[in-house]
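Read through the structure below, which is laid out as structure tokens, and then see the notes.
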Amino acid sequence: KLETRPALYQEASDFLDRVDRALTKRFQEGLFSARRHEKVDGDQTKAIKALRLTLRYFRKDDFRYREVQQRLDQFSGR
């Protein structure tokens with residue numbers, strides 16, 4: 001029979017969940033901001049800046065990093 005996990009395990013797990021939710025929120029806000037700058041304001045420079053700022057929150061192995069980088073690459077291809 002396996003021993004029950006210590007209380008610290010649950011505390012750490014909850015903390016990681018909160019961090020992930022905060023990062024996902026930042027990701028969504030960054031993409032929204034970039035889209036707004038591009039489509040509503042017509043300012044591609046501000047859109048790129050918003051994406052670059054968002055990119056700084058994530059490691060290269062994070063799917064959110066790759067998604068933001070992909071959006072940045074789309075601006076380069078224009």
Side-chain angles (χ1 to χ4, degrees):
K1 181 179 173 183
L2 295 175
E3 293 182 31
T4 59
R5 294 182 174 140
L8 181 60
Y9 175 86
Q10 189 59 50
E11 185 179 332
S13 180
D14 291 346
F15 177 75
L16 291 173
D17 287 342
R18 285 193 308 274
V19 168
D20 189 60
R21 282 193 304 274
L23 285 171
T24 297
K25 182 178 179 184
R26 181 65 196 118
F27 168 73
Q28 293 169 338
E29 289 170 349
L31 292 182
F32 178 81
S33 180
R35 178 67 82 173
R36 185 185 68 239
H37 288 308
E38 179 189 10
K39 300 293 184 187
V40 177
D41 303 337
D43 193 337
Q44 185 173 335
T45 303
K46 282 186 179 180
I48 290 170
K49 184 177 180 180
L51 290 172
R52 285 187 178 147
L53 286 172
T54 303
L55 201 62
R56 296 174 62 178
Y57 284 86
F58 305 101
R59 296 185 324 236
K60 289 184 180 183
D61 64 343
D62 191 307
F63 76 93
R64 294 167 287 206
Y65 181 96
R66 292 188 300 272
E67 176 72 25
V68 174
Q69 185 61 56
Q70 215 171 27
R71 302 275 174 111
L72 275 171
D73 291 346
Q74 290 173 353
F75 281 108
S76 300
R78 293 180 182 182

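- In the displayed structure, Arg66 atom CZ is contacted under 6.0 Å by more than 12 heavy atoms of other residues, nucleotides or ligands.
- The distance from the CD atom of Gln44 to the NZ atom of Lys39 is 10.0 Å, given to the nearest 0.5 Å.
- With respect to Phe27, the side chain to side chain contact (heavy atoms under 4.5 Å, CB included) criterion is satisfied by exactly one of Phe32, Phe58, Tyr57: Phe58.
- Using a 4.5 Å heavy-atom cutoff, the side chains of Leu51 and Phe75 are in contact.
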Please list every donor-acceptor pair under 3.5 Å in which a side-chain atom of residues 4-18 meets a protein atom from a residue at least two apart or in another chain.
residue : atom : partner : partner atom : Å
Gln10   : NE2  : Asp14   : OD1          : 2.7

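- The side chain to side chain contact (heavy atoms under 4.5 Å, CB included) test applied to Lys46 returns His37, Asp43, not counting sequence neighbours.
- With rounding to the nearest 0.5 angstrom, the CZ atom of Arg64 is 15.5 Å from the CD atom of Gln69.
- The CG atom of Leu31 sits 5.0 Å away from the CZ atom of Arg71 when rounded to the nearest 0.5 Å.
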Could you give me the CA-CA distance, side-chain angles and deciding distance for Glu38 and Arg35, then say whether side chain to side chain contact (heavy atoms under 4.5 Å, CB included) is met?
-> CA-CA 5 Å; Glu38 179 189 10; Arg35 178 67 82 173; 4.1 Å; yes
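- One N or O on the side chain of Thr54 and one on the backbone of Ala50 form a donor-acceptor pair closer than 3.5 Å.
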Given the rule in the side chain to side chain contact (heavy atoms under 4.5 Å, CB included) test, do Gln28 and Thr24 qualify, once you have shown the distances and angles that lead to the verdict?
-> CA-CA 6 Å; Gln28 293 169 338; Thr24 297; 3.9 Å; yes
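- Here Leu72 contributes atom CG and Lys49 contributes atom NZ; the two are 14.0 Å apart, rounded to the nearest 0.5 Å.
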